[in-house]
Number of protein chains: 2
Amino acid sequence: MIYSSELIKGTLKTIVLKLLADNKKMYGYEITQKVKELTLDKIQITEGALYPTLHALESDGLVTIETEYIGKRVRKYYSLSPSGKNKTKEKVSELADFMETMQFLLDIKTKTV
Amino acid sequence: MIYSSELIKGTLKTIVLKLLADNKKMYGYEITQKVKELTLDKIQITEGALYPTLHALESDGLVTIETEYIGKRVRKYYSLSPSGKNKTKEKVSELADFMETMQFLLDIKTKTV
DNA sequence: CAAAGATACATAAGTTTCCAATGTATCAGA
DNA sequence: TCTGATACATTGGAAACTTATGTATCTTTG
């Protein structure tokens with residue numbers, strides 16, 4: 001089962017930031033594979049969503065880029081900047097809070113009836 | 001604190017369906033107030049988001065409408081249709097599953113490091 | 001009793017954010 | 001040699017929401 005795409009909306013940026021916080025340094029393709037692996041294929045980040053997101057994070061100054069060559073192939077490593085680390089904490093705790101609220105909403109029936 | 005709006009995206013339809021499942025019969029304005037109340041003002045559904053959503057649910061056959069007049073003022077009550085009840089179960093369990101996955105992703109660090 | 005705020009519906013224009021499709025190129029294995 | 005994986009990127013389009021605006025009624029308060 002793959003989650004319907006609308007659920008990913010609004011969480012992608014947070015997922016990427018969190019992965020970078022946990023892994024110091026990752027490149028785009030690696031991120032897509034890591035998310036796929038960690039979520040047992042239930043979340044698949046498409047490249048059309050990821051790359052614009054990474055570029056946005058960079059232009060917001062939240063990540064820095066190091067380019068490496070593996071043979072002749074380019075690989076761009078992304079790392080959190082100091083402000084990126086702060087932003088990650090904010091986003092993660094906001095999302096955690098939001099999910100707690102949502103879980104309460106979803107469980108209303110069993111809790112109040 | 002109010003959640004940044006991108007988090008709501010993709011969950012609104014599920015929230016509305018779930019509220020209707022728990023309360024049998026609600027009207028639009030009531031839904032906005034109920035969500036506000038249950039989430040301690042952290043989720044505020046705007047009318048510009050809610051009414052189109054309700055209309056979409058209706059045209060998908062997931063809800064039925066009863067119109068009432070309170071004095072001269074119209075009030076439209078929404079109820080789940082049979083297929084709406086099934087859809088609610090699907091959407092709620094998908095969202096619950098998604099949030100479990102997300103919580104795992106957010107907690108990776110403390111679980112694996 | 002007038003004005004403000006709450007109730008209650010609705011739509012339109014604009015933005016954000018993602019998906020699907022497409023493109024380029026390299027590398028590994030059968 | 002060709003297929004599939006690796007690795008980047010962009011474009012067009014759809015979906016879902018926000019902001020703004022509109023109409024109208026009812027209630028409360030100075």
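Atom set for the values below is all heavy atoms of this structure, side chains included, hydrogens, waters and symmetry mates excluded.
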Just by distance, no angles: are the side chains of B/Tyr3 and B/Thr39 close enough, under 3.5 Å, to form a donor-acceptor pair? no
Could you tell me whether B/Gly28 contacts a base, only the sugar-phosphate backbone, or nothing, with contacts defined as non-hydrogen atoms closer than 4.0 Å? sugar-phosphate
Rounded distance in Å - CG (B/Leu7) to P (D/dT18): 11 Å
Counting only side-chain heavy atoms from C-beta out, which of C/dA10, C/dA6, D/dA5 sits nearest to A/Tyr29? D/dA5
Within-4.5 Å side-chain heavy-atom neighbours: A/Leu20 and A/Thr88: no
Hey, mind stepping through A/Lys25 and A/Glu68 against salt bridge (Lys or Arg N to Asp or Glu O under 4.0 Å) and telling me if it holds? CA-CA 12 Å; A/Lys25 186 175 159 186; A/Glu68 280 190 18; 3.6 Å; yes
Side chain of B/Arg75: nearest nucleotide among D/dT18, D/dA7, C/dC9? C/dC9
If only side-chain N and O atoms of B/Ser5 are considered, is one of them under 4.0 Å from the OP1 or OP2 phosphate oxygen of D/dC17? no
Would you kindly give the CD-to-C1' distance between A/Glu6 and C/dA20, to the nearest whole Å? 16 Å
Where each residue is assigned the nucleotide of DNA chain C containing its nearest heavy atom, which of B/Gln33 and B/Tyr78 is assigned the position nearer the 5′ end? B/Gln33
Between C/dA10 (C1') and B/Lys76 (NZ): distance, integer Å: 9 Å
Nearest-Å distance for atom pair CG/P, residues B/Leu50 and C/dT11: 12 Å
For B/Ser4 and A/Glu94, run side chain to side chain donor-acceptor pair (under 3.5 Å): C-alpha distance rounded to whole Å, both residues' side-chain angles, the deciding distance at 0.1 Å, then the answer. CA-CA 9 Å; B/Ser4 62; A/Glu94 188 194 3; 3.2 Å; yes
Distance check: side-chain N/O of B/His55 vs OP1/OP2 of C/dC9, anything under 4.0 Å? no
Are B/Thr64 and B/Tyr77 linked by a side-chain donor-acceptor pair shorter than 3.5 Å? no
Please report, rounded to the nearest Å, how far the P atom of D/dA9 is from the OH atom of A/Tyr27. 14 Å
Give the minimum heavy-atom separation between A/Ser79 and A/Glu66, together with the two atoms involved. OG-OE2, 3.9 Å
If you assign each of A/Lys9 and A/Pro52 to its closest nucleotide in DNA chain D, which residue comes earlier from the 5' end? A/Pro52
Does B/Lys13 reach a base, just sugar-phosphate, or nothing at all? Heavy atoms under 4.0 Å. nothing
Whichever of B/Ala49 and A/Gln44 has its nearest DNA chain C nucleotide further upstream toward 5': B/Ala49
Measure the distance from CD1 on B/Ile43 to C1' on D/dC17 and round it to the nearest whole Å. 14 Å
Please report, rounded to the nearest Å, how far the P atom of D/dC17 is from the CG atom of B/Leu57. 11 Å
Strictly below 4.0 Å, heavy-atom distances to any atom of DNA chain D: list the hits from residues 65-74 of chain A, or just say none. A/Arg73, A/Val74
Side chain to side chain contact (heavy atoms under 4.5 Å, CB included) partner of B/Val16, the single match among B/Ile31, B/Val35, B/Val63: B/Ile31
With salt bridge (Lys or Arg N to Asp or Glu O under 4.0 Å) as the test, would you mind laying out the steps for B/Asp97 and A/Lys42 before giving the verdict? CA-CA 10 Å; B/Asp97 191 320; A/Lys42 290 190 279 191; 3.3 Å; yes
Nearest whole angstrom, please: distance from the C1' of D/dT6 to the OH of A/Tyr77. 12 Å
Determine whether any donor atom in the side chain of A/Glu47 lies under 3.5 Å from an acceptor atom in the base of D/dC8, or the reverse, and answer yes or no. yes
